[in-house]
*Asks:* 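After the structure tokens below, expect a handful of questions from me.
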Amino acid sequence: MSVRVRFAPSPTGALHIGGVRTALYNYLFARHHGGAFILRIEDTDQNRYVPGAEAYIIDSLKWTGLIPDEGLGFGGDYGPYRQSDRKDLYGQYARELVERGHAYYAFDTPEALENARQNAENFTYNFHTRRTLQNSLNLPATEVQRRLAGGEHHVIRLKVEPGEDILVRDLIRGDVVFQSSELDDKVLLKADGMPTYHLANIVDDHLMRITHVIRGEEWLPSTAHHVLLYRGFGWTDTMPQFAHLPLILKPAGNGKLSKRDGAKFGIPVFPLPWKAENPEDSFTGFRDTGFLPEATINFLALLGWHPGDDQEIFSMDELIRAFSLAHIGKSGARFDYEKAKWFNQRYIHAADNAALAAHIQPLAAARGYRSDLPFLTKVAALMKERATFLPDFVEQGSYLFGPVQVYDEETIRKKWNPGFQPALEALAGIVSRTNPYEAATLEEQVKQFIQDQGLKPGEILPLLRLALAGTMKGPAVFDMAVVLGREESARRLAEAPDHFNRAMAETAG
RNA sequence: GGCCCGUUCGUCUAGGGGUUAGGACGCAUCCCUUUCACGGAUGAAACACGGGUUCGAUUCCCGUACGGGCUACCA
């Protein structure tokens with residue numbers, strides 16, 4: 001039987017990075033085994049539905065390259081892949097379970113249950129308490145029929161028999177045993193006719209022929225109920241295998257990573273930006289922060305999984321080849337943003353200059369900067385060794401796109417002296433004259449000049465850099481001068497003394 | 001509270017009855033470089049605790065502590 005796995009997010013808002021990792025592991029598992037990766041939208045809670053969330057999920061998968069073989073927006077033979085579009089199906093199955101004696105109708109109102117919770121500490125709807133509640137197990141059959149026919153408020157609950165051990169075989173955690181007496185009679189079909197997660201999940205996994213359920217650890221406790229459902233339906237022979245992933249924890253403090261942690265720690269916890277009417281509900285993502293999708297994937301892959309050796313940089317193909325559920329850890333993994341940055345830096349360094357230029361183009365254009373690819377390719381080559389994020393190219397390299405905005409005052413104070421004015425003017429002359437206009441020849445000429453004048457490199461080179469860039473941080477000066485171009489470089493050198501003098505005057509005053 | 005899962009450097013992790021407990025991020029120092037980075041080298045840094053089992057436990061078992069998840073007509 002060929003492997004079929006699904007990623008089944010709920011469209012309740014932006015998909016956070018933990019969800020992306022779950023999708024990634026499902027994707028890698030499917031690809032590794034030559035199976036299918038399916039996207040299913042679990043929108044059974046009408047109250048929590050958020051418009052735009054579905055599109056966000058799909059866009060996120062596309063950005064990260066986790067393209068489903070089947071699913072909402074991707075076609076496939078097992079649709080529809082949105083649970084609200086399958087609503088009628090679940091009612092039938094729920095009623096079938098009632099007929100089979102594994103579920104029952106319950107007429108208790110939310111208020112009545114709320115009341116029961118108030119009166120009894122730790123109230124649960126189970127084999128014990130259900131005897132005193134309003135359900136088809138207690139009410140006379142005629143009464144049940146009457147209420148049903150009258151369209152009275154009701155749900156369908158799973159009938160959990162007490163006194164059984166329920167074994168969950170987990171591919172990551174091993175065997176986990178639950179006592180059925182501890183389990184509650186979960187609602188399967190809600191009063192609005194929609195299924196709960198538990199029912200919809202089992203029905204769809206069965207109908208979609210899912211072979212492996214790879215999901216977050218938060219689902220482990222309810223897996224016992226799911227096993228009971230497979231039994232109730234008589235589907236145990238095709239029950240998927242389970243693998244519960246360790247959670248991603250907050251960068252600091254306690255608890256699992258949550259949506260709010262992005263703002264709290266000043267880091268992205270979403271793949272893409274999410275804009276909501278309320279600014280507090282809007283988030284930045286990895287993409288707009290300037291992460292490359294490949295770096296994001298690589299980072300996420302290693303958050304909870306390891307290859308078994310010391311390799312850390314993985315292409316998607318390499319991940320697919322190396323991936324195995326056996327190498328997924330059991331304990332929660334703390335979100336390490338420093339490591340994420342390191343991955344991005346590595347990927348930017350290794351990236352092709354033309355490819356980087358394409359990434360930089362929209363950023364340059366947005367600032368009104370020159371944004372032709374040949375030029376941006378040169379900028380990429382010049383700057384990529386010190387970029388961590390994509391916007392670094394236009395932010396740290398702003399002087400490559402236009403006039404120097406700010407000259408570093410401290411360097412002016414330390415290095416500038418009006419006596420160097422003739423030297424800078426001479427440098428402008430060298431820049432205008434040097435042929436060919438290349439870094440190596442330029443360097444040779446400038447150093448020759450410094451030597452001929454009896455100056456020290458440490459006196460002149462910093463001024464050269466400052467004149468061209470305004471800052472002491474940056475790429476090799478002569479390479480920079482070449483990218484700036486002969487005319488622009490000469491102009492900056494010629495005008496620099498004025499800027500320096502003015503800055504000196506201002507600090508003095 | 002109950003149920004379930006987990007616990008190796010600050011972080012991600014390898015390892016597994018006898019190891020100098022390995023790698024990576026971050027940090028520190030040095031080298032390279034008259035910038036900032038990259039790169040290279042070096043260093044500090046861990047088996048939660050207590051009992052067993054064993055010749056020997058970080059590794060196996062049991063407790064404790066701590067952390068996490070679940071406990072909805074949410075997923």
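Numbered from 1 within each chain, the chains take letters A, B, ... in sequence-line order.
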*Asks:* Pick the closest RNA chain B nucleotide for A:Glu182 and for A:Gly329 by heavy atoms, then say which residue is nearer the 5' end.
*Replies:*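 In this pair, the answer is A:Glu182.
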*Asks:* For nucleotides B:G40 and B:C49, find the distance between their C1' atoms and express it as a whole number of Å.
*Replies:*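 Result for the C1' pair: 42 Å, nearest Å.
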*Asks:* For A:Lys256 and B:C70, is the shortest distance between a side-chain N/O and OP1 or OP2 below 4.0 Å?
*Replies:*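 It does, given that an N or O in the side chain of A:Lys256 lies less than 4.0 Å from OP1 or OP2 of B:C70.
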*Asks:* So, is B:C38 syn or anti if syn means the angle is within 90° of 0?
*Replies:*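 Because its glycosidic torsion lies within 90° of 0, B:C38 adopts the syn conformation.
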*Asks:* Using a 4.0 Å heavy-atom cut-off across all strands, classify A:Gly255 as base, sugar-phosphate, or nothing.
*Replies:*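 Result for A:Gly255 = sugar-phosphate.
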*Asks:* For A:Pro475, report the nucleic acid contact type (base, sugar-phosphate, nothing); a contact means any heavy atom under 4.0 Å.
*Replies:*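 Answer is base: heavy atoms of A:Pro475 come under 4.0 Å of a base.
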*Asks:* Can you tell me how far P in B:U13 sits from the matching atom in B:A45, rounded to whole Å?
*Replies:*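 My reading of the P atoms in B:U13 and B:A45 gives 23 Å.
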*Asks:* Classify the nucleic acid contact of A:Ala387 as base, sugar-phosphate or nothing, counting any heavy atom under 4.0 Å across all strands shown.
*Replies:*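 The residue A:Ala387 makes no contact with any strand.
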*Asks:* Show me the donor-acceptor pairs within less than 3.5 Å that the side chains of residues 190-198 of chain A make with the rest of the protein, sequence neighbours left out.
*Replies:*
unit_1: A:Lys190; atom_1: NZ; unit_2: A:Thr44; atom_2: O; d: 3.0
unit_1: A:Asp192; atom_1: OD1; unit_2: A:Met194; atom_2: N; d: 2.8
unit_1: A:Thr196; atom_1: OG1; unit_2: A:Val187; atom_2: O; d: 2.8
unit_1: A:Thr196; atom_1: OG1; unit_2: A:Leu188; atom_2: O; d: 3.4
unit_1: A:Tyr197; atom_1: OH; unit_2: A:Asn201; atom_2: ND2; d: 3.2
unit_1: A:Tyr197; atom_1: OH; unit_2: A:Arg215; atom_2: NH2; d: 3.0
unit_1: A:His198; atom_1: ND1; unit_2: A:His226; atom_2: NE2; d: 2.9

*Asks:* List the atom pairs, with distances to 0.1 Å, where a side-chain N or O of residues 102-109 of chain A and a protein N or O form a donor-acceptor pair under 3.5 Å, not counting sequence neighbours.
*Replies:*
unit_1: A:Tyr104; atom_1: OH; unit_2: A:Asp185; atom_2: OD2; d: 2.5
unit_1: A:Asp108; atom_1: OD1; unit_2: A:Gln134; atom_2: N; d: 2.7
unit_1: A:Asp108; atom_1: OD2; unit_2: A:Tyr125; atom_2: OH; d: 2.6
unit_1: A:Thr109; atom_1: OG1; unit_2: A:Glu111; atom_2: OE1; d: 3.3
unit_1: A:Thr109; atom_1: OG1; unit_2: A:Ala112; atom_2: N; d: 3.0

*Asks:* State whether the number of non-hydrogen atoms from other residues, nucleotides or ligands found under 6.0 Å of A:Arg231 atom CZ is greater than 12.
*Replies:*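 Buried by this count: over 12 neighbours within 6.0 Å.
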*Asks:* Reckon A:Phe178 touches a base, only the sugar-phosphate, or nothing at all at heavy-atom distances under 4.0 Å?
*Replies:*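 Touches sugar-phosphate only.
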*Asks:* Which residues pass the ring-ring contact (aromatic ring centres under 6.0 Å, His included) test with A:Phe299, sequence neighbours left out?
*Replies:*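 Here the qualifying residues are A:Phe335.
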*Asks:* Can you check the distance between B:C5 and B:C9, where both ends of the measurement are the C1' atom (answer in whole Å)?
*Replies:*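 The same atom, C1', in both gives a distance of 24 Å.
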*Asks:* Using salt bridge (charged side-chain N to carboxylate O under 4.0 Å, His left out) as the criterion, list what pairs up with A:Arg346, not counting sequence neighbours.
*Replies:*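 Testing A:Arg346 for salt bridge (charged side-chain N to carboxylate O under 4.0 Å, His left out), a comparison that skips the adjacent residues, returns none.
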*Asks:* Would you mind telling me which of B:A14, B:G1, B:C4 lies closest to the side-chain atoms of A:His306?
*Replies:*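 When the side chain of A:His306 is considered, B:A14 is the closest of B:A14, B:G1, B:C4.
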*Asks:* For the residue pair A:Tyr407 and A:Phe500, categorise the inter-ring angle as parallel (less than 30°), tilted (30 to 60°) or perpendicular (more than 60°).
*Replies:*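 Because their plane-to-plane angle is over 60°, the rings of A:Tyr407 and A:Phe500 count as perpendicular.
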*Asks:* Identify, with sequence neighbours excluded, every residue that meets ring-ring contact (aromatic ring centres under 6.0 Å, His included) alongside A:Tyr25.
*Replies:*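 With sequence neighbours excluded, A:Tyr25 shows a ring-ring contact (aromatic ring centres under 6.0 Å, His included) to A:Phe323, given in chain and number order.
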*Asks:* What's A:Arg465 touching, base or sugar-phosphate or nothing? Going by heavy atoms closer than 4.0 Å.
*Replies:*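 The residue A:Arg465 makes base contact.
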*Asks:* Strictly under 3.5 Å: I want the nitrogen or oxygen pairs between protein and nucleotides 25-32 of chain B, one per line.
*Replies:*
unit_1: B:C25; atom_1: OP1; unit_2: A:Trp342; atom_2: NE1; d: 3.4
unit_1: B:C25; atom_1: O2'; unit_2: A:Lys339; atom_2: N; d: 3.4

*Asks:* All N/O contacts under 3.5 Å from nucleotides 72-75 of chain B to the protein, with atom names and distances to one decimal?
*Replies:*
unit_1: B:C73; atom_1: OP2; unit_2: A:Arg157; atom_2: NH2; d: 3.4
unit_1: B:C73; atom_1: O2; unit_2: A:Ala191; atom_2: N; d: 2.8
unit_1: B:C73; atom_1: N3; unit_2: A:His153; atom_2: NE2; d: 2.9
unit_1: B:C73; atom_1: N4; unit_2: A:Asp108; atom_2: O; d: 2.7
unit_1: B:C73; atom_1: N4; unit_2: A:Pro110; atom_2: N; d: 3.4
unit_1: B:C73; atom_1: N4; unit_2: A:His153; atom_2: NE2; d: 2.3
unit_1: B:C74; atom_1: OP2; unit_2: A:Lys190; atom_2: NZ; d: 2.9
unit_1: B:C74; atom_1: O2'; unit_2: A:Asp45; atom_2: OD2; d: 3.0
unit_1: B:C74; atom_1: O2'; unit_2: A:Arg48; atom_2: NE; d: 3.1
unit_1: B:C74; atom_1: O2'; unit_2: A:Arg48; atom_2: NH2; d: 3.3
unit_1: B:C74; atom_1: O2; unit_2: A:Arg48; atom_2: NH2; d: 3.2
unit_1: B:A75; atom_1: OP1; unit_2: A:Thr44; atom_2: OG1; d: 2.6
unit_1: B:A75; atom_1: OP1; unit_2: A:Lys190; atom_2: NZ; d: 2.7
unit_1: B:A75; atom_1: OP2; unit_2: A:Tyr197; atom_2: N; d: 3.2
unit_1: B:A75; atom_1: O3'; unit_2: A:Glu42; atom_2: OE1; d: 3.4

*Asks:* If I pick the P atom on B:C30 and the same atom on B:C36, what distance separates them, to the nearest angstrom?
*Replies:*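 Going atom to atom, P in each nucleotide, I get 13 Å.
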*Asks:* With sequence neighbours excluded, tell me which residues meet side-chain hydrogen bond (donor to acceptor under 3.5 Å, both in side chains) with A:Asp88.
*Replies:*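 Expected list: none.
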*Asks:* By the 4.0 Å heavy-atom rule, please label A:Pro462 as base, sugar-phosphate, or nothing.
*Replies:*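 Touches nothing.
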*Asks:* So, does the side chain of A:Arg173 form a donor-acceptor pair with the base of B:C5 at under 3.5 Å?
*Replies:*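 Absent.
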*Asks:* With a 3.5 angstrom cut-off on both distances, give the Watson-Crick or G-U wobble partner of B:C27, or none if there isn't one.
*Replies:*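 Here B:C27 is engaged in a pair, and the nucleotide opposite it is B:G43.
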*Asks:* Work out how far the C1' atom of B:G23 is from that of B:U8, and round it to whole angstrom.
*Replies:*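 So the two C1' atoms sit 13 Å from each other.
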*Asks:* Partner lookup for B:A21, please. Criteria are Watson-Crick or G-U wobble with both distances under 3.5 angstrom; report none if nothing qualifies.
*Replies:*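 Pairing partner, where one exists within any strand: none, as none qualifies.
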*Asks:* Using atom P of each nucleotide, how far apart are B:A41 and B:C55 to the nearest Å?
*Replies:*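 These two P atoms come out 45 Å apart once rounded.
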*Asks:* Suppose you measure atom C1' in B:A48 against the same atom in B:G43; what distance do you get, rounded to whole Å?
*Replies:*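 Pairwise C1' distance, B:A48 against B:G43, rounds to 26 Å.
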*Asks:* Could you measure between the two P atoms, the one in B:C47 and the one in B:G10, and give it in whole Å?
*Replies:*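 Here B:C47 and B:G10 have their P atoms 8 Å from each other.
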*Asks:* Under the rule for side-chain hydrogen bond (donor to acceptor under 3.5 Å, both in side chains), what residues qualify as partners of A:Tyr230, not counting sequence neighbours?
*Replies:*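 side-chain hydrogen bond (donor to acceptor under 3.5 Å, both in side chains) check on A:Tyr230 returns nothing, list empty.
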*Asks:* Is any side-chain N of the basic residue among A:Asp392 and A:Arg386 closer than 4.0 Å to the acidic one's carboxylate O?
*Replies:*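 No, A:Asp392 and A:Arg386 are not salt-bridged.
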*Asks:* Under 4.0 Å between a side-chain nitrogen and a carboxylate oxygen: does that hold for A:Glu338 and A:Lys341?
*Replies:*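 A salt bridge is present here (some side-chain N lies under 4.0 Å from a carboxylate O).
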*Asks:* Sequence neighbours left out, what passes ring-ring contact (aromatic ring centres under 6.0 Å, His included) with A:His153? Give chain and number order.
*Replies:*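 A:His153: no ring-ring contact (aromatic ring centres under 6.0 Å, His included) contacts found.
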*Asks:* Among residues 297-305 of chain A, which contact RNA chain B at a heavy-atom distance under 4.0 Å?
*Replies:*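 Here the set is A:Leu302, A:Leu303, A:Gly304.
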*Asks:* Partner lookup for B:G6, please. Criteria are Watson-Crick or G-U wobble with both distances under 3.5 angstrom; report none if nothing qualifies.
*Replies:*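 Here B:G6 is engaged in a pair, and the nucleotide opposite it is B:C66.
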*Asks:* Report, one line per pair, each donor and acceptor closer than 3.5 Å where one atom sits in a side chain of residues 307-314 of chain A; sequence neighbours left out.
*Replies:*
unit_1: A:Asp309; atom_1: OD1; unit_2: A:Gln311; atom_2: N; d: 3.0
unit_1: A:Gln311; atom_1: NE2; unit_2: A:Ile313; atom_2: O; d: 2.9
unit_1: A:Glu312; atom_1: OE1; unit_2: A:Lys339; atom_2: NZ; d: 3.2

